[in-house]
Amino acid sequence: MDKSMLGGDMPQLSEEDNVRMSTMIDQLQIRDSLRMYNSLVERCFTDCVDTFKHKSLQKQEESCVRRCAEKFLKHSMRVGMRFAELNQGAATQD
């Protein structure tokens, strides 16, 4: 969640509540980032790593993981941009 979506400073809240709200938003952003990272790792590992015969990734597995991560991040960025567009459109309709 972007703090700017809440209108920056929230004058209807006390300074203490403002700080508490800001901290909560930061924690939610960290949690969401970790979930996205874990989802990326799990998906790419499951799709790309076939065997545990070697200590490190084989070239084929490494390139698969790289492509998978790039696709995942591009998709996430696109979804985020689209969400922001929709959110901005909804805000201008009010």
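Position 1 is the first residue of the sequence; numbering continues from there.
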Rounding to 0.5 Å, atoms CG (L40) and NE2 (H75) come to a distance of 12.0 Å

Look at the side-chain heavy atoms of Ile, Leu, Val, Met, Phe, Trp and Tyr, link any pair under 4.5 Å apart, and say whether L57 and F45 land in one connected group. yes

Going by heavy atoms in the side chains, are T51 and E61 under 4.5 Å from each other? yes

Member of R20, M21, Q27 meeting the side chain to side chain contact (heavy atoms under 4.5 Å, CB included) criterion with T23: Q27

With a 4.5 Å cut-off on side-chain heavy atoms, are S39 and F72 touching? yes

Walk me through it: do K74 and E70 pass the test salt bridge (charged side-chain N to carboxylate O under 4.0 Å, His left out)? CA-CA 6 Å; K74 284 180 184 178; E70 286 173 1; 5.2 Å; no

Applying side chain to side chain contact (heavy atoms under 4.5 Å, CB included), run through R35 and I30 and close with a yes or a no. CA-CA 9 Å; R35 280 184 180 169; I30 291 169; over 6 Å; no

Measure the CZ-CG distance between R43 and N38 for me, rounded to the nearest 0.5 Å. 14.5 Å

What is the distance from atom CD of E42 to atom CG of D47, rounded to the nearest 0.5 Å? 10.0 Å

Gap separating the OG1 atom of T92 from the CG atom of N87, nearest 0.5 angstrom: 10.0 Å

State whether the number of non-hydrogen atoms from other residues, nucleotides or ligands found under 6.0 Å of E16 atom CD is greater than 12. no

Using the rule given for side chain to side chain contact (heavy atoms under 4.5 Å, CB included), can you reason through R82 versus E85, listing the C-alpha separation, both sets of side-chain angles and the distance that settles it, and then say yes or no? CA-CA 5 Å; R82 184 66 179 135; E85 290 169 4; 3.2 Å; yes

So, the side chain of S33 versus the backbone of Q29: is there a donor-acceptor pair under 3.5 Å, distance only? yes

Less than 2.5 angstrom apart at the SG atoms, yes or no, for C48 and C64? yes

For R31, all residues meeting salt bridge (Lys or Arg N to Asp or Glu O under 4.0 Å), sequence neighbours excluded: none

Between CD on residue Q60 and CG on residue D50, distance to nearest 0.5 Å: 7.0 Å

For Q88, look at atom CD and say whether over 12 heavy atoms of other residues, nucleotides or ligands are found less than 6.0 Å away. no

